[in-house]
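See structure below.
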Amino acid sequence: MKLIYLHKILPLLVMPIMTFISLIFVGIYFNKKKVVYITLVVFYIISTPFFSKHFFKIVEGPYNSTPLEVINKADAIVVLGGTLKINEFGDQYNVEWSDADRFFGGIKLYQAKKSNLIVFTGAKMPFSITKLSEGEILKQYAIGYGVNPEDIFVTDEVFNTFEESEAVYDLIGENKNIILVTSAFHMKRAEALFEKKGFSVTAFKVDYKTPPVIKLNIFNILPNAGALSNTESAFRELLGRLYYGLF
C-alpha cells in the first residue's frame, strides 16, 4: 500500500504546476528575470485549450470509433476502473459518475454478444478507500441493464492499472482473448500491461477528451484551469508509460 501512495504522489512533484512554482522561486531568489519571464510564457501556453487539446491528442491517438461488427467474439470483456466516485456516509453511500463511457462501452459490447463474460475490476482510490469497490457497484448497475449476474465477474481490490492486469489474470486465467474497455488516453498503457500478462487484447477506446478536429479560435488561445488540468493529465499519463517502459 505504501508503494501505491508513492506511485501516486511522486509524479505530482514534476507536474507543470510544481515545476512552474519551483522555477518562479528560483528566478526570484537568484534574481534571474529571464527565467521568470520564460516560465510565465510557457505556463500561459500550456494553459490554453489549443495547446492542451493537441497535447492530449498525442496521448489519445487518432479519434476513431470501432464498429461493433468488426470486433470478434472474445473470452471476456474487461472494463477498467476510474468510472465512479464513491462517497460513503456510515453504512450508506452515494455514487457519482466520473467516466460513464467505460461502463456503457462494456454493456454495449455485452449486448452485442461479443462475449458471455464481463469483468469489472475492484478498483479503489488509495486516498479514499471505501468498503465497496467500483466493480461491486458496477455489477449491480449491469444487472439493472439486463446483464445475467452469472456473466459478471469482479476482481479483488486493485489500486492501479498494473494491479488490474494482475487481478484479471488471477480471475480468468492465462491465454485469454479479451476486449479491453478504457479511456482513449489510458489505452496504450493498459493494453501493453495486459499483453505483458499474456492476454490477446482487442482495444475498445471510449471517453475521448479531444474532438476529431481541433479548430483555432479566440477561446482556444485564452488560458483556463480546465485546459491546464488536461495538460497535466496527459503529462501524467506519459509519465506512467515511461515508468512501465512502454515508449
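In this text, all values refer to a predicted model and were calculated from it rather than measured experimentally.
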Review point. Between the side chain of T182 and the main-chain N/O of M187, is any donor-acceptor distance below 3.5 Å?
Key: no
Revision key, fill the gap. One should read off an interatomic distance between K73 NZ and N116 CG, to the nearest 0.5 angstrom, of 4.0 Å
Review point. If you measure from CG on L80 to CZ on F103, what distance do you get to the nearest 0.5 Å?
Key: 14.5 Å
Check your understanding: When you look at L239 and M15, which way does the side-chain contact (heavy atoms from CB on, under 4.5 Å) test go after all the steps?
Key -> CA-CA 10 Å; L239 285 178; M15 285 290 106; 3.5 Å; yes
Practice item. Quick one: closest heavy-atom pair of P16 and F235, and the distance? Key: CD-CD2, 4.0 Å
Review point. What about V78 and I137, same hydrophobic cluster or not, with Ile/Leu/Val/Met/Phe/Trp/Tyr joined at side-chain heavy-atom distances under 4.5 Å?
Key: no
Practice item. Search all heavy atoms of E88 against all heavy atoms of L132 and return the closest pair with its distance. Key: OE2-N, 3.5 Å
Review point. Please walk me through it: do I172 and V168 pass side-chain contact (heavy atoms from CB on, under 4.5 Å)?
Key: CA-CA 6 Å; I172 67 174; V168 173; 3.8 Å; yes
Check your understanding: Hey, quick one: are L228 and F50 part of the same hydrophobic cluster, counting side-chain heavy atoms closer than 4.5 Å, chains of contacts allowed?
Key -> no
Check your understanding: Strictly under 6.0 Å, is that where the ring centroids of Y145 and F104 end up?
Key -> yes
Review point. Just by modelled atom types, is the N177 backbone N or O under 3.5 Å from a matching donor or acceptor in the D75 side chain?
Key: yes
Check your understanding: Name the one of H186, K188, R189 that satisfies side-chain hydrogen bond (donor to acceptor under 3.5 Å, both in side chains) with E237?
Key -> R189
Practice item. Please answer whether the main-chain N or O of E60 pairs with a side-chain N or O of K205 as donor and acceptor at a distance below 3.5 Å. Key: yes
Check your understanding: Atom CG in L216, atom NZ in K53: separation rounded to 0.5 Å?
Key -> 10.5 Å
Review point. Is there a donor-acceptor pair under 3.5 Å between the side chain of S22 and the backbone N or O of M18?
Key: yes
Check your understanding: Are I45 and F219 linked, directly or through other ILVMFWY residues, by side chains that come within less than 4.5 angstrom of each other?
Key -> no
Check your understanding: Do D99 and S183 have side-chain atoms, one donor and one acceptor, less than 3.5 Å apart?
Key -> yes
Practice item. Report the distance from atom CG of L84 to atom OG of S98, rounding to the nearest 0.5 Å. Key: 6.5 Å
**Study point:** In one Ile/Leu/Val/Met/Phe/Trp/Tyr side-chain cluster, 4.5 Å: I118, W97
**Key:** yes
Point to revise | Minimum side-chain heavy-atom gap N230-F185 below 4.5 Å | key: no
Practice item. Could you tell me how the ring of Y169 sits relative to the ring of F199: parallel (under 30°), tilted (30 to 60°) or perpendicular (over 60°)? Key: perpendicular
Point to revise | Set of side-chain hydrogen bond (donor to acceptor under 3.5 Å, both in side chains) partners for K209, sequence neighbours left out | key: D207
Exercise for review: Could you tell me which residues satisfy side chain to side chain contact (heavy atoms under 4.5 Å, CB included) with V26, sequence neighbours excluded, listed by chain and number?
Suggested key: F30
Point to revise | Side-chain donor or acceptor of E134 paired with backbone N/O of T83 under 3.5 Å | key: yes
Practice item. Can you sort out the partners of Y44 under side chain to side chain contact (heavy atoms under 4.5 Å, CB included), two or more places apart, ordered by chain and number? Key: T48, L222, P223
For residues 149-157, run the donor-acceptor check on the side chains, cut-off 3.5 Å, and write out each pair with its distance to 0.1 Å, sequence neighbours left out.
| from | atom 1 | to | atom 2 | distance (Å) |
| --- | --- | --- | --- | --- |
| D151 | OD2 | Y110 | OH | 2.6 |
| T155 | OG1 | G122 | N | 2.8 |
| E157 | OE2 | K124 | NZ | 2.7 |

Review point. Taking atom CZ of F51 as the centre, does the number of heavy atoms from other residues, nucleotides or ligands within less than 6.0 Å exceed 12?
Key: yes
Review point. Between L109 and S115, is any pair of side-chain heavy atoms under 4.5 Å apart?
Key: no
Exercise for review: Output the distance between atom CZ (F56) and atom OG1 (T231), rounded to the nearest 0.5 Å.
Suggested key: 9.0 Å
Review point. Which heavy atom in S52 sits nearest to a heavy atom in P49, and how many Å separate them?
Key: OG-O, 3.2 Å
Point to revise | Full working for side-chain contact (heavy atoms from CB on, under 4.5 Å) between V95 and N87 | key: CA-CA 6 Å; V95 171; N87 302 306; over 6 Å; no
Review point. Are V119 and I143 grouped together when hydrophobic residues (ILVMFWY) are joined by side-chain heavy atoms under 4.5 angstrom apart?
Key: no
Check your understanding: Looking at CD1 of I107 and CG of L138, how far apart are the two atoms once the value is rounded to the nearest 0.5 Å?
Key -> 8.5 Å
Point to revise | Shortest non-hydrogen contact from A227 toward S47 | key: CB-O, 3.2 Å
Point to revise | Heavy-atom closest contact (F120 atom, A142 atom, distance) | key: CE1-CB, 3.9 Å
Practice item. Determine whether I77 and V181 make a side-chain contact, defined as any pair of heavy atoms from C-beta on separated by less than 4.5 Å. Key: yes
Review point. What are the two closest heavy atoms between K57 and P212, and how far apart are they?
Key: NZ-O, 4.0 Å
Exercise for review: Let me see the working for L180 and F204 under side-chain contact (heavy atoms from CB on, under 4.5 Å), right down to the final yes or no.
Suggested key: CA-CA 6 Å; L180 189 63; F204 191 77; over 6 Å; no
Point to revise | Main-chain N/O of V59 paired with R241 side-chain donor or acceptor, under 3.5 Å | key: yes
Point to revise | Lys/Arg N to Asp/Glu carboxylate O, E232 vs R236, below 4.0 Å | key: no
Practice item. Scan residues 29-40 for pairs that pass side chain to side chain donor-acceptor pair (under 3.5 Å), counting only residues two or more places apart or in two chains. Key: none
Exercise for review: Taking Y208 for its side chain and N64 for its backbone only, find out whether a donor-acceptor pair lies under 3.5 Å.
Suggested key: yes
Review point. Who pairs with T202 by side chain to side chain contact (heavy atoms under 4.5 Å, CB included), at least two apart in sequence or on another chain?
Key: I71, I179
